[in-house]
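These notes concern the structure reproduced below.
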Amino acid sequence: MLVGMNMTTRSDAAGAVSAGAAVHLTGLRKHYGDVRAVDGIDLTISPGEVVALLGPNGAGKSTTVDMLLGLSTPDAGQATIFGRPPAEAVAAGGVGAMLQEGSLLEDATVGETVAMIASLHRAPMPVATALRRAGIEDLASRRCTKLSGGQKQRVRFAVALVCDPDLLVLDEPTAAMDVGTRRGFWQSMREFTDTGRTVLFATHYLDEAEEFADRVVLMRAGQVVADGTVAQVRSVVSGRILRAVVPGATAEQLRLLAGVTGVELRGDQATVDCADSDAAVRALLAGYPRAHDIEITAVGLEEAFLALTSSEEEASR
Amino acid sequence: MKTGYLVLEAKRAMRNPRFLFFTMVFPVVLFLVDAGTFGKERVDGTTVSYTAYLMCSMAAYGAFAAAMNSGARTALERAAGWQRQLRLTPLTPSGYLTAKAAVGFMVALPPVFLVSVVGGLVEGVHLTPAGWMQAVLGVWAATLPFAVLGLLIGQLATSETVQVLTVGVTMLFGFLGGIFIPSAVFPDWLNIVSKALPSYWLAEIGHGAALGNHDTATAVAVLGAWTVVLAFAVTRRYRRDSARV
């Protein structure tokens, strides 16, 4: 029910839940000259949800995050965090954020930086706890200039975490991390979300969204094009993919099989898009008994992502 | 709640060796060189040694340059996105700006103190106790608008332009205010312009410590007015500018 090809999916229920919502965006718009960076977004996130904000570059993710946090003012619409305007929620100390392209103070140590942020908040967690959760206890006395890209990201995570926020907003949190660090990062995120906190993260990595988010919000050209669980978003692009080695078949012949919507053939290796994979595999084996190495997979978030972002693009032309 | 912030800011200001050299050591060196060259002369129409006059000039220069540079360095943390991060804490714009101005004001004291100590102990400058008070504490207090002016530059400049802009404004105010050259040599129109500048009154407080003439009321009024106007401008600018740089 939450999946749609356009942006109005959640707005009906929004009014009723806005007061209790962790994040509530209504009709949010931001234009820079002719560029409609954010073009009417409605989004409600309940407390405890872990939501991934996906979209290609320029989809308006960071602009949305900026308006949500009160760093920029919407041209139209409204953002609230736990029923309050962003500035108020931030002043109350309930919001932690890791912004894109943010860097650290050059002439301070990691420990000092995190302690400074902690000192500005009313009810922070102990600095040592924030450092431990971010996996950087051993870097506490290191100058921020002497850190690798991944280490800097983890320090910024500690900075976001130290206020013990109810809402954590992360804009491309794992951009500079290697695989191992990313894994560690998401492990500590789990530890955090297990306590019922709300997380909104923008990412390019679809596997991260698939693995860690309860819910996926897909943006394109300043609008929400899909919103739902990973399974729901995936199902927008219905069907499965059948791969098989089919000696002696042509693409035209395979396309005529029952349940098949598209065929790609490289040598004998066929990749078949299926509306009904059960029918397709029966028809394939009946017509081509020599077919082998058959593999049927569900469409991934990546295929859904590509389908949603590209079909919309073509439609709008 | 804000002391932790102020303490770290103060520590950071003391950590940059280049900043410390140019704000603390440079005015002393400049004073020693100038005093060696012109020190034997007397200020026209008085018995005051030119060394005493120069000491007050260089103390004033060191103080206002330190205050301005300290504020202007916020351009770097603005460019680095750190101000955006701070905006996501309960630290208010005025809290942030006040802390930064306080640090700028604080780093203005050591150069005044150092130049005065060198003047008194090495160059043998004699002032009355009241004169010394004015030369050190008076000059220091008069740098307050420059701490705020530096902050304004920091909010307007990028990390590339901040250095040039700060040096330019320092030079302009230094010359037109009569810190680098005595305002006595100015044509009349420039004298009028000069008297509207905070650097003129900063120099006036310094020179008054040696020469004995002072117009404290006007100095306080002009410096106070600049502080208020600049504080208003920088607060307004900070509130409006939250964009990614």
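Here is how names work: the chains are called A, B, and so on, in the same order as the sequence lines, proteins then strands, and each is numbered from 1. Only heavy atoms go into these numbers, but all of them, side chains included; no hydrogens, no water, no symmetry mates.
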| Would Tyr96(B) and Gln83(B) satisfy side chain to side chain donor-acceptor pair (under 3.5 Å), going step by step from the backbone distance to the final call? | CA-CA 9 Å; Tyr96(B) 172 76; Gln83(B) 284 188 357; 2.9 Å; yes
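- Between Asp107(A) and the options Arg73(B), Lys11(B), Arg15(B), a salt bridge (Lys or Arg N to Asp or Glu O under 4.0 Å) holds for only Arg73(B).
- Of the atoms belonging to Leu76(B), not a single heavy atom falls under 4.5 Å from chain A.
- With a threshold of 4.5 angstrom between heavy atoms, Leu8(B) approaches chain A through side-chain atoms but not through N, CA, C or O.
- Separation of the Trp186(A) and Phe201(A) ring centroids falls under the 6.0 Å cut-off.
- Remark: the backbone N or O of Gly27(A) is paired with a side-chain donor or acceptor of Asp42(A) at under 3.5 angstrom.
- Of the atoms belonging to Glu77(B), it is side-chain heavy atoms, and not backbone ones, that fall under 4.5 Å from chain A.
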